[in-house]
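One structure is given below, represented as structure tokens, and several questions about it will come after.
Everything numeric in this text was worked out from a predicted model, so none of it was measured.
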Amino acid sequence: MGAGMRRRTPPRDLSNDPEVRPHSDLADPGAAAETRLPTARRADTIAGVITSETSDCLIVTGMPGAGKSTVTRLVAERLTRSARLDGDFVSRLIVSGRVGALGKPADEAARQVELCNRNLCTLANNFSDAGFTPVIDWVIPDREQLDLFVSLLPGRQVLFVVLVPGIEVCQYRNTVRDPRERFDFDGYEDLDADMKRELGDAGWWFDTAALTPEETADRVIREARHRAVVNR
């Protein structure tokens, strides 16, 4: 990504942030009782939630460190038939000649981002046609790219969820990642402002700062079809 990330000491203690706690520590059964799906019921047995019986395509976006990978994985695991589509993985299918989204030359970077977007939509359509709910994990920073997704997913109800835990949370999560997964990015303020300007009225802007990943995933499954539709 961009130039080296400026590390900052967060103004509040994030050491218990659910994204960086051990898995066994993720959930407080008492606190999550109202939001977590009952363990005896699958997501496809509750009316109004995302299911493989509906032509939904779920897109989960947000700034780097927002929790997209964790949440999309949990959402996909809770559905009876689903496919998780990771934009970072798809973009890295290019072995030789790859240019990242913020790389140079800029026109080639933009061309490869569009190629990744088109590939994600092709995969999503194929999985949806086969009865699997596509769950896309990818940074969609502007209206032009969102409009492309909607246009390339005909006949699908596109659910667009923006995870918004806050800039400081995103920054801190990156500093405690496994070094192999850590990224260099110092454009949080600009990206946050751009996304709010371009996409502030699109989909569901979901403040997840006080939620565990499991609580977040459960609410996405329960509420996205009512809050996140962008192509009614």
Between CZ on residue R98 and SG on residue C116, distance to nearest 0.5 Å =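 That separation rounds to 8.5 Å.
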Side-chain contact, heavy-atom cut-off 4.5 Å: F149 with V158?
->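 They are not in side-chain contact.
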What distance do N119 atom CG and E114 atom CD have between them, rounded to the nearest 0.5 Å?
->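 Rounded to the nearest 0.5 Å, the CG-CD separation comes out at 10.5 Å.
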Distance from R92 atom CZ to I94 atom CD1, nearest 0.5 Å?
->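 It comes to 11.0 Å.
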Would you mind listing the cluster partners of L148? Hydrophobic ones only (ILVMFWY), side-chain contacts under 4.5 Å, chaining allowed.
->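 L152, listed by chain and number.
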Identify whether the distance between the nearest side-chain nitrogen and carboxylate oxygen of R73 and E77 falls below 4.0 Å.
->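 A salt bridge is absent here (no side-chain N lies under 4.0 Å from a carboxylate O).
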Near F127 CZ, under 6.0 Å, is it more than 12 heavy atoms from other residues, nucleotides or ligands?
->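 No, the 6.0 Å shell around CZ holds no more than 12 heavy atoms from other groups.
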Measure the spacing between CG of N117 and CD of Q145 and express it to the nearest 0.5 Å.
->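 N117 atom CG to Q145 atom CD measures 5.0 Å (nearest 0.5 Å).
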Any D137 side-chain heavy atom under 4.5 Å of L85 side chain =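 No, side chains not in contact.
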Would R227 and R222 satisfy side chain to side chain contact (heavy atoms under 4.5 Å, CB included), going step by step from the backbone distance to the final call?
-> CA-CA 10 Å; R227 294 175 174 263; R222 287 181 183 274; over 6 Å; no
V75 vs L58, side chain to side chain contact (heavy atoms under 4.5 Å, CB included): CA-CA, chis, key distance, verdict = CA-CA 10 Å; V75 168; L58 173 65; 3.9 Å; yes
Could R84 and D86 be called an ion pair, given the rule that one side-chain N must be under 4.0 Å from one carboxylate O?
->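 Here R84 pairs with D86 in a salt bridge, since their nearest N and O are under 4.0 Å apart.
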Euclidean distance, I140 CD1 relative to L146 CG, rounded to 0.5 Å |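 If I round to the nearest 0.5 Å, the distance is 6.0 Å.
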Any donor-acceptor N/O pair, T208 side chain to L211 backbone, under 3.5 Å |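 No; zero donor-acceptor contacts below 3.5 Å.
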Can I get a per-line list of side-chain donor-acceptor pairs under 3.5 Å for residues 100-108, giving both atom names and the distance, sequence neighbours left out?
{"unit_1": "E108", "atom_1": "OE1", "unit_2": "R111", "atom_2": "NE", "d": "3.0"}
{"unit_1": "E108", "atom_1": "OE2", "unit_2": "R111", "atom_2": "NH2", "d": "3.0"}
{"unit_1": "E108", "atom_1": "OE2", "unit_2": "Q112", "atom_2": "NE2", "d": "2.8"}

I136 side chain reached by C57 side chain, heavy atoms, under 4.5 Å |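 A side-chain contact exists here, since the closest heavy-atom pair is under 4.5 Å.
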With a 4.5 Å heavy-atom cut-off, do V162 and L199 have their side chains touching?
->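 They are not in side-chain contact.
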Do P64 and R173 touch side chain to side chain, with heavy atoms closer than 4.5 Å?
->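 Counting from C-beta outward, P64 and R173 never come under 4.5 Å.
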Is any side-chain heavy atom of L163 less than 4.5 Å from a side-chain heavy atom of T61?
->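 No - every pair of side-chain heavy atoms lies 4.5 Å or more apart.
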Could you tell me whether the side chains of N231 and R156 share a donor-acceptor contact shorter than 3.5 Å?
->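 Not at all, the side chains of N231 and R156 share no donor-acceptor pair under 3.5 Å.
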Does V113 share a hydrophobic cluster with L120, counting links as ILVMFWY side-chain heavy atoms below 4.5 Å and allowing steps through other members?
->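 No, it is not one cluster - the side chains of V113 and L120 are not joined through contacts under 4.5 Å.
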Does some side-chain heavy atom of R219 sit less than 4.5 Å from a side-chain heavy atom of W204?
->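 Yes, close enough: below the 4.5 Å cut-off.
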Flag the pair E223 / D218 as yes when at least one side-chain heavy-atom distance between them is below 4.5 Å, and no otherwise.
->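 SC-SC contact between E223 and D218 ruled out.
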Side chains of T133 and D56: is there a donor and an acceptor less than 3.5 Å apart?
->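 There is no such pair (donor and acceptor under 3.5 Å, judged by atom type) between the side chains of T133 and D56.
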Measuring from D190:CG to M195:CE, what's the distance to the nearest 0.5 Å?
->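 Reported to 0.5 Å precision, the distance equals 13.0 Å.
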Do you know which two heavy atoms are closest between C170 and M63, and how far apart they sit?
->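 Minimum heavy-atom separation between C170 and M63: SG-CE, 4.2 Å.
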Go through the side-chain N and O atoms of D88 and W138 and say whether any donor and acceptor fall under 3.5 Å apart.
->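 No.
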